[in-house]
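Inspection log for the structure reproduced underneath, given as structure tokens.
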Amino acid sequence: MRASQFFISTLKEAPAEAELPSHRLMLRAGLIRRVASGLYSWMPLGLRILKKVEAIVRDEMDRAGALELLMPAVQPAELWEESGRWAFYGKELLRVKDRHDREFCIGPTHEEVITDIARKEVRSYKQLPLNFYQVQTKFRDEVRPRFGVMRAREFIMKDAYSFHTDFDSLKVTYQTMFDAYCRIFTRLGLTFRPVAADTGSIGGTGSHEFQVLAESGEDVIAYCPTSDYAANVELAEALAPTTPRPAAQAPLTTVATPRVKTIDELCQCLSVAAAHTIKAVVVEGSEGQPVLLLVRGDHELNEVKAEKLDGIASPLVFASPAAIEAAFGAKPGSLGPVGFAGRIVADRTVAAMADMICGANQTDAHLTGMNWGRDCPEPEVADLRNVVEGDPSPDGQGVLALCRGIEVGHVFQLRTKYAEAMRAQYLDREGKLQTMEMGCYGIGVSRIVGAAIEQGFDDRGILFSDAMAPFTVSIVPMGYGRSEAVKAAADTLYATLKAAGVDVLLDDRDERPGVLLADGELLGIPHRVVIGDRGLKNEQVEYQARRDTEATAVPVAEIADFVRAKLGVA
RNA sequence: CGGGGCGUAGCGCAGUCCGGUAGCGCACCUGGUUUGGGACCAGGUGGUCGUGAGUUCGAAUCCCACCGCCCCGACCA
């Protein structure tokens, strides 16, 4: 491509709305333009990147035996009513009515439509397993779209759905897809980690997320540096302390703690460490009754774990201040287990504590020296908290560390959740009707572009991998319109690389050298050849990779082969 | 949904407190000079100051309402 025939629209300054490096750089480089909150146009340059990601995804999906199809973005409400999600999905589902007043949604995902296809098309076990995928626009009406294409409302997703006669078959395809995902992210040049994950609103059993490691990530991952354990903190198990509970020593004492509402204030007021306190959270049980959850003062309640407990409302509902006062006779900030007659669930760590400090169920008062068994009954025990740095790894191999990640892929074993609700059945060998097993597999194609930039940029711009860059090589002539020699050398190299199938940009724009060089760096083009009269005097041009600190002089006669060698192109 | 902030030219901003008929940098157009790191000179184009309703002789500026956008929060009692 000749830059003069293309559309390059870079900005020296990023619009004020962008905060995250990837978002700023995507706007500055002119890859995307915002249309409305969470809605972006992909400009020609950005679309090239998106297409490259898509091509790799398709290549690996095809290789994994998945078959591409295309489902509509607009879906009838009836299908969602059948699966039960029309009611369950909530406000993120964009619902619309057509001219006949019939209800539809703009698809945030496609389990319903694909299951409808499977139940209509598949009759026999002989047709299974099957794996379909599509690359398509999704819409999720996010509460707070942010970070440009990373959490947009409309985005491009590759979603695949597999159908099976039995769980064993599902597990085989799940592994095939897991492996394909690893190849995709590796080929894209991303530093990523597959982690065990919660299944969330999609439902099902086994699940892994593919997380691109980045400081700005919205997810927290717990991993073990000395083993291959890795899980989203939502899921990572906090093991029970191995040391037994110490014997009670302190007497139960009520202390006045005026205006103390938080653990921080409590620690200051009593000059104690948070690890000696316990934090009380009141949630609703399945019948709406208050349930008291207890975690250590310096720990965090894990909502996902809490709502999985039997008898707890799911999704989790926090009790209202009024309900709390009615049940405890005290305001939030002074709650504790002593004297509370309802259900109490203590985190494993809390269950192993002695001489604790907790709320007294009396406004502006706390108890010190609280002990299980002596001052109140032994509590029900469960894993309720987020793991913290240094916790023992659940696989028994060392301790956990935490890092942040951007979720770019997610694979699920859905099992029969949708097939059952929507009666996706087949006839088995014996002629008996059976429910299909299902898997689903998603990749956030547009999010990958943001995530990749988040993982690769410097003060000059983007650092794209060869696989994702809008162009692999740029030829930057110093004075294309002024020097016949420069023009000839640039044109020759351009023709040669193009003929070799290299995605090359000849920057023949009538701009000053500084503009051409700065734009190439902003766009993250990984390989650059600078051609100028200065070098040509000695029959030389300059090669510099985007990540190199210095240019390499290369004889003009050898530059094409030199670049091809750098790219690994024959 | 709660809190904070911001809406003035395509982008970045000043002007708003203290009302007087809109400005700077970049970008863009024309001409000239330049040409190995975002050039220089000269001349130009472009704005219902987010929208609506008020106060006033007069509103970007003051008052009210609305809309849009960004950030933080929406377990941590």
Side-chain angles (χ1 to χ4, degrees), chain A residues 8-20 23-24 27-28 30 33-39 91 143-148 233-234 257 259-267 274 277-284 290 292-307 315-321 323-325 327-328 330-336 347 358-361 363-364 366 384-386 388 460-461 476-483 486 507 509-522 528 530-537 541-542 544 551:
Chain A
I8 294 175
S9 182
T10 55
L11 301 170
K12 281 192 192 173
E13 288 171 290
E17 70 200 34
E19 177 101 336
L20 217 58
H23 189 192
R24 295 174 63 86
L27 290 169
R28 280 231 288 138
R33 291 290 181 239
R34 195 182 71 89
V35 176
S37 175
L39 301 177
K91 285 189 154 183
V143 222
R144 181 144 93 87
R146 62 191 125 172
F147 309 144
V233 275
E234 290 181 345
T257 52
R259 289 183 305 280
V260 166
K261 293 243 176 281
T262 65
I263 294 293
D264 273 354
E265 290 162 2
L266 178 64
C267 293
T277 67
I278 58 178
K279 181 152 60 185
V281 179
V282 186
V283 299
E284 288 186 9
L292 180 64
L293 305 181
L294 300 172
V295 295
R296 203 171 74 183
D298 57 335
H299 287 157
E300 291 177 2
L301 177 70
N302 180 312
E303 274 190 50
V304 171
K305 290 176 180 175
E307 72 184 20
L316 205 62
V317 182
F318 292 91
S320 66
I324 290 173
E325 271 203 79
F328 290 83
K331 290 200 160 90
S334 305
L335 307 180
D347 179 64
C358 60
N361 292 332
T363 301
D364 289 342
H366 279 75
L384 284 181
R385 67 175 175 93
N386 285 338
V388 295
R460 296 183 165 190
V476 186
M478 298 286 110
Y480 187 80
R482 282 174 281 115
S483 164
V486 167
D507 204 341
R509 288 178 297 167
D510 184 19
E511 291 285 352
R512 295 172 62 84
V515 174
L516 306 183
L517 294 168
D519 273 354
E521 283 158 350
L522 177 59
R528 178 175 81 192
V530 174
I531 300 176
D533 282 318
R534 207 166 69 186
L536 286 179
K537 274 194 308 205
V541 297
E542 290 163 28
Q544 186 170 356

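For clarity, every value in this text was computed on a predicted model and none was experimentally measured. Throughout, a chain's letter reflects where its sequence line sits, starting with A, and its residues are numbered from 1.
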Checking all strands, does [X] fall into the base, sugar-phosphate, or nothing category for heavy-atom contacts under 4.0 angstrom?
| X | value |
| --- | --- |
| A/V282 | base |
| A/R28 | base |
| A/D519 | base |
| A/N386 | base |
| A/A16 | sugar-phosphate |
| A/I324 | base |
| A/L301 | base |
| A/E521 | base |
| A/A14 | sugar-phosphate |
| A/G532 | base |
| A/V476 | nothing |
| A/R509 | nothing |
| A/V295 | nothing |
| A/G535 | base |

Notebook entry, point to check: Any luck finding a side-chain donor-acceptor pair between A/S483 and A/D533 under 3.5 Å?
Noted result: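 The criterion, which ignores hydrogens and geometry beyond distance, is satisfied for A/D533 and A/S483.
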Next item on the list: May I have the step-by-step check of side chain to side chain contact (heavy atoms under 4.5 Å, CB included) for A/L27 and A/E17, ending in yes or no?
Entry: CA-CA 10 Å; A/L27 290 169; A/E17 70 200 34; 4.1 Å; yes
[atom1] gap between [N] and [M], integer Å:
| N | M | atom1 | answer |
| --- | --- | --- | --- |
| B/U16 | B/C11 | P | 23 Å |
| B/G5 | B/G10 | P | 27 Å |
| B/A27 | B/C40 | P | 8 Å |
| B/G46 | B/C64 | C1' | 33 Å |
| B/G31 | B/U56 | C1' | 48 Å |
| B/G15 | B/U8 | C1' | 9 Å |
| B/C13 | B/C6 | P | 12 Å |
| B/G54 | B/A9 | C1' | 28 Å |

Using a 3.5 Å distance criterion without hydrogens, assess whether the side chain of [X] forms a donor-acceptor pair with backbone atoms of [Y].
| X | Y | result |
| --- | --- | --- |
| A/D347 | A/L384 | yes |
| A/T257 | A/V260 | no |
| A/H366 | A/G333 | yes |
| A/N361 | A/G336 | yes |

Paired with [N]: which nucleotide, if any, by Watson-Crick or G-U wobble criteria at under 3.5 Å for both distances?
| N | answer |
| --- | --- |
| B/U30 | B/A42 |
| B/G73 | B/C1 |
| B/G23 | B/C13 |
| B/U51 | B/A65 |
| B/A59 | none |
| B/C18 | none |

Next item on the list: Shoot me the first and last contacting nucleotide of RNA chain B against chain A, ordered 5' to 3', at under 4.0 angstrom to non-hydrogen atoms.
Entry: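 Reading along RNA chain B, I get B/C11 to B/A77.
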Checklist line | Of A/K12 and A/A280, the one whose closest RNA chain B nucleotide lies more 5' | finding: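 First, find each residue's nearest nucleotide; the 5'-ward one identifies A/K12.
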Check: For RNA chain B, whose closest nucleotide is more 5', that of A/R144 or that of A/E300?
Finding: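 Residue closer to the 5' terminus by nearest nucleotide: A/R144.
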Next item on the list: Go through the structure and list residues passing side-chain hydrogen bond (donor to acceptor under 3.5 Å, both in side chains) with A/D298, not counting sequence neighbours.
Entry: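 With neighbours one apart ignored, the set is A/R296.
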Check: Rounded to the nearest 0.5 Å, how far apart are CG of A/L292 and CD1 of A/I278?
Finding: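 It is 8.0 Å, given to the nearest 0.5 Å.
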Next item on the list: Kindly determine whether A/E303 and A/F318 satisfy side chain to side chain contact (heavy atoms under 4.5 Å, CB included), including the steps that lead there.
Entry: CA-CA 10 Å; A/E303 274 190 50; A/F318 292 91; 4.0 Å; yes
